[in-house]
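Only one structure is covered here, and it is reproduced in the block below.
For ligands, and for the atoms within them, numbers begin at 1 and follow the listed sequence. Fair warning: this is a prediction, and the values are worked out from it, not measured in the lab.
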Amino acid sequence: MSENQNKNPKELEIFAMATDPIYIGTGGYTIGRVDNTIVRDPITNIPKIPGSSVAGTWRYYVALELQSHFKDDYKKDLAKRARKNIEELFDNTQNWMKEFDGNRFARIKCAGQDEASKISLEESQNINTGHCGHCIVCKAFGFSKNNKSSQGMLFFSDLNILFFPVFTRLGVKWITSPKLLNKEIAISKNTILTKNGNEQYLNLGWLNLEVSGSHQLEEKDLGDSGLNLDDIVVVPDSLISQIINSNLEVRTSVSIDPITGAAKEGALFTSEAIPRGTIFCGKIRGFKREGDESLPKLSLVWSALEDSKKYFNSLGIGGMTTRGFGRLKILSKLGDKNGKS
Ligand SMILES: [Zn+2]
């Protein structure tokens, strides 16, 4: 890849699948009988994973991956790191770690809130707390120090639901709509489209709807979802929000009193979540400012994302990850392992 290409903005479409129910709370807002509601798009009323959650979580995972590959001698000792060649600091051959000199300043605190934003960028090199302002995490996701700040090289869109699983008499099907697919599909009011179009009637949860024809989607419309055309049911835009919202996972839990460790009396609460099997789609845009040599090559940033996406599948995203919520599999390939793509 030429250096010139690295400086251009690049936009990647990413597909992800919920492997647990996903709960991204709005913080105590109550709708109907649900106590813990999830974030929704204000216009469509369809639940989503906000881009800010994706960015914040991924920042943490890149910092975690980078930190886990410092050789033992250099894990905590910033002074020792300063005297070595960057290639000697890491225990593997990942180019995104070894090819960017700023990584010598990285620490786990480069994730999360900056606890030392009042100091200067220069001072931050020698203090083992807050964002370092130099490493690939700080450069890719942004940082702010008292004398310099940078908005970062990556922009994360929301992860929107593209295919949503519902139970039918023919097994689980994934529903979508023309608007979700961003595609013109003719569909009669209150009817649905399947691949074959000959089932006559099909229930989506408790709703029984007439099948009025074939959706005629192609493989490319499914992206990296891993689904088959047989799995897909297209419903009208006027119904999609209602069907999704009435098929969310709703769980009742008991609050635990932190002092006695027992269930609090009368502290039953319900939470809604996006169900396991839901397919999301979103975009990540990467941009390197022309001529700014303090930034890593974009190809290294993409491979850092690729290398750390595995943590979404073990540690998850959003709330209640200790109660079996939040695991997400990033299905799309973001970059080359060696930073060559
Ligand atoms: Zn940093």
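- Paired with D114 under the rule salt bridge (charged side-chain N to carboxylate O under 4.0 Å, His left out), one option of R107, K145, R59 passes, and it is K145.
- A tilted orientation is assigned to the rings of W58 and F156, their planes being inclined by 30° to 60°.
- Expressed to the nearest 10°, the angle at the Zn ion (ligand 1) joining SG in C132 with SG in C138 is 120°.
- E272 contributes atom CD, which lies 4.5 Å from atom CD1 of I38 (distance to the nearest 0.5 angstrom).
- For the Zn ion (ligand 1), the set of nearby N, O or S atoms under 2.8 Å includes none belonging to H134.
- Counting heavy-atom neighbours within 6.0 Å of K76 NZ, excluding the residue itself, gives a total of 12 or less.
- Metal site remark for the Zn ion (ligand 1): H131 contributes no N, O or S atom at a distance under 2.8 Å.
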